[in-house]
Structure formats: structure tokens, C-alpha cells
Amino acid sequence: MSRWKALPGELDPRVRQLVVRLRRLKDHSGLSLRQLAAKTGYSASSWERYLGGRSLPPREAVEAMARIGGDDPTRLLALHEVAAEAWGEGRAGTSAPEGPDAPNAPETSEATGTADTAGAAHTVEVVGALQAAGADDTGPYHLAAPNEETRHGRSLRVALVAGAVALVLAVSSAVLLAVRLTDGDSRASATPLGSATPSVSPSPSPSGPRTYACEVERIDGRWYAGNSRTRDAVLAEGLAGPEVAEAQCLLRRAGLAPGVVDGIFGPHTKSAVEQLQKRAGLVVDGIIGRHTWGALRR
């Protein structure tokens with residue numbers, strides 16, 4: 001497993017989540033940077049910047065990495081859309097994400113610009129590097145600057161993705177509220193009026209935080225706590241739900257302290273996740289993904 005350098009501290013969490021997922025896919029593929037460059041058409045130095053959080057990879061590079069790592073391209077591209085929006089907010093006025101074989105040094109590439117009605121196109125000739133590598137094709141490579149229509153389309157896609165996420169969250173909240181109200185009504189109707197039997201314990205206040213039970217058992221060689229059977233859901237600080245409660249129960253089983261099992265991914269849960277990742281030899285980022293689930297279930 002690769003030992004990655006820590007990502008820049010100022011990197012936006014949305015961009016950080018995309019980079020961490022790309023790093024895991026690269027580790028899963030077992031390819032070196034040179035082999036990755038040969039399979040995707042993006043240079044090894046470009047992949048080094050993408051995986052180091054110093055440059056945002058283009059959409060095509062993310063899609064190629066998804067195919068190589070056997071991941072779902074749709075899900076990975078959705079992460080890329082959100083990361084692109086965050087990258088644009090944090091670096092307003094900078095150039096668009098660089099494409100493959102972008103010029104890094106004058107001795108290996110020569111760029112000349114030509115103008116037309118749609119925008120500026122930059123011609124990059126990578127003759128010296130290709131000849132040194134023994135390649136037959138040493139013709140020029142054209143990297144077109146995005147025009148206004150492309151920017152508008154990208155903004156529209158980002159807005160649609162953000163709207164869909166907001167709609168899903170609103171529907172989930174409404175369903176959760178309805179379930180809690182229905183559960184409260186059924187408990188009230190099950191208790192006869194004037195009953196002389198005292199309550200064993202007071203019911204929790206509806207406004208208080210919800211708690212989950214941890215019924216840990218081992219099934220087919222894996223640990224489960226009865227809240228969720230997921231093995232690849234991506235969880236990060238700020239999220240909530242039964243998947244988070246499942247992770248908190250399994251962290252407790254592993255002898256760590258995530259805090260109250262309330263289904264909320266807070267600072268205590270993140271600290272416990274980082275301790276587990278360090279113990280298991282994983283990338284320590286405080287985000288639960290496929291590999292961290294594997295360590296929790298084992």
C-alpha cells in the first residue's frame with residue numbers, strides 16, 4: 001500500500017474527498033505513476049499533482065481512473081463536480097484544470113497561442129520528450145481553452161447536482177420525522193389510561209438527540225451492529241444516519257471512543273476513525289470508505 005504525503009491543510013474538504021478516493025483507486029489498481037500515465041494518456045507528473053491535491057484533475061482523467069479501479073464512474077464524477085465547484089470558489093480567476101502533457105519546462109515543450117471567435121486555443125508541442133521516449137507520433141497536441149458555453153454548461157451541471165442533493169436530504173428528513181412521530185403515537189396508544197403499573201424508565205424527550213442500540217454479532221466472518229449492513233458507504237464529519245451509528249458501534253467494539261452512539265459524525269467519531277486507520281495501516285484522513293469499513297467489519 002502506498003504511503004501518501006499529507007494533503008495541504010488549506011485544501012477544501014470537498015476536493016480532499018475526491019483526492020482521497022482517487023488515491024484509493026490508484027492503490028487498488030497496483031499501478032505506478034508511469035503505468036497510470038500509459039493507461040490514461042495523462043503524464044506521470046500530472047497524476048502526481050492530481051493525487052497530491054496541488055491541481056484539480058479534469059473530468060476525463062477521473063473517468064479513466066474509475067474504469068481502471070473498477071469503481072462506479074457516475075458516483076466518482078458527481079464527487080468531481082462538487083470538487084470543481086469548490087476549486088473554482090477557492091481559486092477564482094485561475095486557469096481551468098490542466099489537461100494531459102501540459103507544458104512544465106521550456107526545454108520539453110513549446111506553446112504558441114492562436115485566437116478565433118470562440119476563444120483562445122493553446123498549441124503545445126511535446127517533441128523532445130516524445131522523441132526521447134521513442135514515440136512515433138511527435139505531432140503537436142492542442143489544448144483548447146474553455147469557452148463561455150462550456151463554462152455555462154458546467155455551472156448548470158453543478159447546480160443540478162447540488163439541487164438533487166438538497167432534495168434527497170429534505171425527503172430523508174421528512175421521512176425520519178414521520179417515522180419518529182408514528183413511533184411516538186404507537187407507544188402512547190399501547191399504554192392504557194389509568195394504568196397502575198409504573199414505567200420502568202422515562203421516555204426520552206422528543207427534542208433530545210436520538211440514540212442507537214449496538215447489537216454486535218459476527219456473521220460470515222464480519223462484525224455487524226444491527227444498524228446498517230453497508231460496506232462501502234462514504235462517511236465524513238458532518239454526516240448523520242444509521243450508517244454513522246453502525247460505524248460508532250463497531251469503533252466501540254474495536255476499543256475506541258467515538259462518543260455517544262447517536263448517528264452523528266462529530267469530532268469524537270472522526271478522532272476514533274483516525275486512530276483505527278492508523279492502527280490498520282490505512283490513509284489517515286478521518287473519512288470512512290471501503291477500506292476503513294473492511295477494518296471495522298474484520
Side-chain angles (χ1 to χ4, degrees), residues 1-9 11-31 50-53 62 65-66 68-80 82-83 165 212-298:
M1 180 176 297
S2 300
R3 295 294 180 180
W4 296 100
K5 294 182 179 179
L7 293 172
L11 194 64
D12 189 280
R14 292 166 290 182
V15 181
R16 181 184 298 271
Q17 187 173 0
L18 173 65
V19 174
V20 169
R21 177 60 68 88
L22 292 175
R23 285 182 171 185
R24 290 175 179 170
L25 289 176
K26 192 263 182 188
D27 289 341
H28 181 71
S29 68
L31 299 176
Y50 301 156
L51 298 174
V62 173
M65 177 65 86
I68 293 172
D71 200 1
D72 181 11
T74 303
R75 187 173 182 180
L76 198 60
L77 290 175
L79 288 177
H80 178 266
V82 177
V165 172
Y212 292 82
C214 293
E215 300 177 359
V216 179
E217 58 179 341
R218 194 165 181 83
I219 302 175
D220 295 333
R222 295 186 176 89
W223 291 104
Y224 295 92
N227 295 305
S228 174
R229 297 182 69 85
T230 182
R231 289 161 58 187
D232 58 1
V234 178
L235 304 178
E237 187 174 7
L239 297 181
E243 292 82 4
V244 178
E246 178 79 5
Q248 290 173 330
C249 289
L250 296 178
L251 286 168
R252 280 190 171 186
R253 189 208 66 78
L256 302 172
V260 179
V261 181
D262 54 4
I264 301 175
F265 202 123
H268 294 294
T269 302
K270 180 180 179 181
S271 176
V273 170
E274 290 175 344
Q275 295 177 41
L276 176 72
Q277 290 172 333
K278 184 176 180 181
R279 179 194 299 175
L282 301 175
V283 176
V284 180
D285 55 8
I287 299 175
I288 300 178
R290 182 181 304 171
H291 297 291
T292 304
W293 277 117
L296 287 170
R297 298 289 190 197
R298 285 198 296 270

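Heads up: numbering here begins at 1 and tracks the sequence.
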Quiz item: What residues form a side chain to side chain donor-acceptor pair (under 3.5 Å) with R16, not counting sequence neighbours?
Solution: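 Partners of R16 under the side chain to side chain donor-acceptor pair (under 3.5 Å) test: none.
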Exercise. Check side chain to side chain donor-acceptor pair (under 3.5 Å) between D12 and all other residues, then give those that pass, not counting sequence neighbours.
Key: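 Residues passing side chain to side chain donor-acceptor pair (under 3.5 Å) with D12: R14.
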[X] to [Y] - nearest heavy-atom pair and separation:
{"X": "A280", "Y": "A295", "value": "CB-CB, 4.1 Å"}
{"X": "R297", "Y": "T230", "value": "NH2-O, 2.6 Å"}
{"X": "G52", "Y": "P8", "value": "O-CD, 3.5 Å"}
{"X": "V273", "Y": "L251", "value": "CG2-CD1, 3.9 Å"}
{"X": "Q277", "Y": "G286", "value": "OE1-N, 3.1 Å"}
{"X": "V19", "Y": "L7", "value": "CG1-CD2, 3.8 Å"}

Self-check item: Partner of Q248 by side-chain contact (heavy atoms from CB on, under 4.5 Å), out of L256, N227, D262
Solution: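 Only match with Q248 under side-chain contact (heavy atoms from CB on, under 4.5 Å): D262.
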Answer whether the closest heavy-atom distance between the side chains of [X] and [Y] falls below 4.5 Å.
{"X": "W223", "Y": "L296", "result": "no"}
{"X": "W4", "Y": "D27", "result": "yes"}
{"X": "W293", "Y": "I288", "result": "yes"}
{"X": "V62", "Y": "L77", "result": "yes"}
{"X": "E274", "Y": "K270", "result": "yes"}
{"X": "L76", "Y": "L25", "result": "yes"}
{"X": "L51", "Y": "L22", "result": "yes"}
{"X": "L235", "Y": "T292", "result": "no"}

Got a salt bridge between [X] and [Y], using NZ or NE/NH1/NH2 to carboxylate O under 4.0 Å?
{"X": "R23", "Y": "D285", "answer": "no"}
{"X": "R231", "Y": "E246", "answer": "no"}
{"X": "D71", "Y": "R24", "answer": "no"}

Exercise. Carefully, step by step, assess Q17 and V82 under the rule side-chain contact (heavy atoms from CB on, under 4.5 Å).
Key: CA-CA 10 Å; Q17 187 173 0; V82 177; over 6 Å; no
Practice problem: Would you give the length of the straight line joining atom CZ of F265 to atom CD1 of I287, rounded to the nearest 0.5 angstrom? | Solution: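 Answer rounded to 0.5 Å: 8.0 Å.
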Quiz item: To the nearest 0.5 Å, how far apart are CE in M65 and OG in S29?
Solution: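 M65 CE to S29 OG: 6.0 Å, rounded to 0.5 Å.
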Quiz item: Taking atom CZ of R222 as the centre, does the number of heavy atoms from other residues, nucleotides or ligands within less than 6.0 Å exceed 12?
Solution: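 Counting neighbours around CZ of R222, 12 or fewer heavy atoms of other residues, nucleotides or ligands fall under 6.0 Å, so no.
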